[in-house]
Protein chains: 2
Amino acid sequence: MASSAQPPTIHDVARLAKVSTSTASRVLGNYGRFSEATRKRVLDAIETLGYRPNSVARSMVTRRTDTLGVVCADISSPFFSGVVRGITDEARKSGYSILLTNTDEDVRSEREAVNLLIDKQVDGLIVATADVGDVEHLRAVRSHGKHVVLFDRPSSAVGADAVTVDDVAAMREAVTYLLSHGHRRIGILTELRIEREADWATLLRPGLDRLRGEINASAARLLGYLRAHRDAGVEVDPSLVGRTGGYDVEGAAEATRRLLASPARPTALVTTDNMMTLGAYQAVRELDIEMPRDLSFVGFDNLDWTTLVRPALTVIEQPVHEIGARAARKLIDRLNGDEGPPELIELPTSFLVRESVAAV
Amino acid sequence: MASSAQPPTIHDVARLAKVSTSTASRVLGNYGRFSEATRKRVLDAIETLGYRPNSVARSMVTRRTDTLGVVCADISSPFFSGVVRGITDEARKSGYSILLTNTDEDVRSEREAVNLLIDKQVDGLIVATADVGDVEHLRAVRSHGKHVVLFDRPSSAVGADAVTVDDVAAMREAVTYLLSHGHRRIGILTELRIEREADWATLLRPGLDRLRGEINASAARLLGYLRAHRDAGVEVDPSLVGRTGGYDVEGAAEATRRLLASPARPTALVTTDNMMTLGAYQAVRELDIEMPRDLSFVGFDNLDWTTLVRPALTVIEQPVHEIGARAARKLIDRLNGDEGPPELIELPTSFLVRESVAAV
DNA sequence: AGGCCATGAGGGAACGTTATCGCAGCTTGA
DNA sequence: TCAAGCTGCGATAACGTTCCCTCATGGCCT
């Protein structure tokens, strides 16, 4: 085992086929001219040597690696793993591989990851940036001519394509649904990690409209929540906004407990992503609140357990796999010369009505 | 945007610093000799040019890519995404990146994936092989001196390290628990995709012992089930083995329905992985069977929803993240020259008793 | 004062490809 | 019969690194 013989190179092939490396390369790449006879000789040599071209060497000269860099927060989350699956499926169709990195929503890790991927000469980047307001590193990548596609968190500052769902509309629909069921105190669980967004009340100020692409997905979802209230003419009690420090389940559970312990506790709860959904639901479970009688619940992301619990959860579904597939597709199109201004691809969400919402 | 200027090379750095590329390379790599003055000049040049070494070119000469290839069935499954997270975490610590591929449990895809990764010159491979009996391609990789670490499905035929859990013991413990609660008709949900394993009764034959490393994880788990019965002197009714064609949730649900529709239906159900757990639980839910009164249930994998449903599910937990981390660690150790025969790392499982099992 | 050695730095080959260019030798047509 | 074109192939220069070797310089010891 572990025979130390180096694998055959194209020179070995050429020697065996009694041609020059140029000729061998030509039949391999199927370009230029060569006779049928030499083609066969080269192919035979390849066969008998078990020759496989060295992609690294090839990349040196072609200046492409046929590899896409993916930067996500945490591959073990159902959202990201679903998206990444979509990315790999689409990428593979076009002969691209995936180099994967996690950031845990940390901008510094993200910068490191991006640098690493660029150093490895990936042909393009697909990234869910940790902070749409801190994207200088992504702008830099773009300005060097590398293509970037964002997902989940579009940021117009990057000047890159992005694929997301219409977060505002999705959440607005859900909250409107809740409001139409008579709920007036609707709690929302959201992670506003970014300091400048923590003061979410200011989101209300600038028209509540037109600031897409400047805020993170969770802030956009909160915005949808606010707009639904505004549309219905219902005042929002700031204490109903359960803000968690970071993207973690325990934080969401904790915030939910606080929300539900308040004297004027909400009659309905809505969450802004899969972590929040899980944490919030856990907390509700612990408290032994009967759902939907004593509390209505709308989750974010159609996680597979949401149909398993009783009552089954009404949720906002994102087309997870498709988000990834479309992002990869767009990136590859760009690599193939697709020009034009950055495109914002907004995929539709589905509001799946199940059993966790009741009229108050 | 998209300035077409090529990024600076080490030659540019050398020119600006007024040294030779050799010298520039030396300070970059911090080897050989150079004066403090030139060190500073080179570093300054790097700084002002924003030079970043091209990993591809470096790989050409160093013959390493600092990249590990990962071959799994489906990154979107909670098991694999958890393992891959463990892999990336550990790999990153040592400066390795991850090239990710999915096989959907298809041996042909697996071969393609392995070839691709080898062509891309990954330093080593971490793979959950689709079929422990069809591993010629992995043997070949090993025999060319590339290191491979298997996970979830060890196969002694590969001659590679492997990290798994003790599937037999894990399942034996669970089933013994069920038996001790008086259950005599315990259904098991398992995917025996591989034809030669479909005739599982033959697993009983060869001693029921000593064939670790020759069978897939699910077969090993079935084996644990059989051994527990043998230990307790309880005969196994072959009709209690719910075999699904492939690794899919719907197949598991279907098999569960069949099992539960039988006149002499099982009083307990045990599953062999997360897909089976989900599918089986779905079917049980649909049938509105009261758990654990009318049916006891032991799931495989501590999925986060298993504590959310009522009753909470008693499960066999695998240390998912650690499986990945240990696999990566072992591979990196090998790359660092760790010699010795292939090691089989068996991580402990935990049997988490919750509320889904009752005495009959 | 002369020889030696340590120090610092440059030259250049190599890694395995791709692809441009030029050049024989042959065919073709006027 | 000879120019022109075409066909098939080889030489060779990249691509951006690393690192081995060689060499000049200067200081120190005897």
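In the text below, chain A, chain B and the rest are named by the order of the sequence lines, each starting its count at 1. Note that the structure is a prediction, hence the values are computed from the model and not measured.
At C/dG10, one or more side-chain N or O atoms of B/T23 fall inside 4.0 Å of OP1 or OP2 (strictly under the cut-off). Phosphate contact (OP1/OP2 of D/dC15, side-chain N/O of B/T9, threshold under 4.0 Å): absent. Contact check, A/S20 against D/dA11: no side-chain N or O comes under 4.0 Å of OP1 or OP2. Phosphate contact (OP1/OP2 of C/dT17, side-chain N/O of A/S25, threshold under 4.0 Å): absent. Distances shorter than 4.0 Å separate some side-chain N or O of A/S35 from OP1 or OP2 on D/dC9. Contact check, A/T38 against D/dC9: a side-chain N or O comes under 4.0 Å of OP1 or OP2. For A/Y51, a side-chain nitrogen or oxygen approaches OP1 or OP2 of C/dT17 to under 4.0 Å. Here A/R63 does not reach the OP1 or OP2 of D/dC15: none of its side-chain N or O atoms lies under 4.0 Å away.
The CG atom of B/L344 sits 9.5 Å away from the OG atom of B/S156 when rounded to the nearest 0.5 Å. Note that NE2 of B/H137 is 14.0 Å distant from CZ of B/R142, once rounded to the nearest 0.5 Å.
The residue among B/K18 and A/T21 whose nearest nucleotide of DNA chain C is located toward the 5' end is B/K18.
In this structure, the CD atom of B/E36 is 15 Å from the P atom of C/dT7, given to the nearest Å. Spacing between atom CG of A/N54 and atom C1' of C/dT18 amounts to 13 Å, rounded to whole angstrom units. The CZ-P distance, from B/F34 to C/dG8, rounds to 10 Å in whole Å. Atoms CZ (B/R64) and C1' (C/dC15) sit 15 Å apart, rounded to a whole Å. The CZ atom of A/R58 sits 14 Å away from the C1' atom of D/dC15 (whole-angstrom rounding). For B/M60 and C/dC15, the CE to C1' distance is 4 Å, given to the nearest whole Å. The nearest whole Å value for the distance from the NE2 atom in B/H11 to the P atom in D/dG16 is 8 Å. When the P atom of C/dT17 is taken as reference, atom CG of A/D12 falls 9 Å away, rounded to whole Å.
Counting only heavy atoms from C-beta on, A/S22 has its side chain closest to D/dG10 among D/dT17, D/dG10, C/dG16. Residue A/Y31 has its side chain nearest to C/dT20 when only D/dT17, C/dG12, C/dT20 are considered. The listed nucleotides are C/dG12, D/dC15, C/dC21; the one nearest the side chain of A/R26 is C/dC21.
Nucleic acid contact class of B/R33 (heavy atoms, under 4.0 Å, all strands): base. At the heavy-atom level, B/V56 lies nowhere under 4.0 Å from the strands shown.
Using a 4.0 Å cut-off between charged nitrogen and carboxylate oxygen, A/R41 and A/D44 do not count as a salt-bridge pair. For B/E105 and B/R153, the salt-bridge test passes: some basic side-chain N is under 4.0 Å from an acidic carboxylate O. Using a 4.0 Å cut-off between charged side-chain N and carboxylate O, A/R111 and A/D134 make a salt bridge. Using a 4.0 Å cut-off between a side-chain N of Lys or Arg and a carboxylate O of Asp or Glu, B/K93 and B/D89 do not qualify as a salt bridge.
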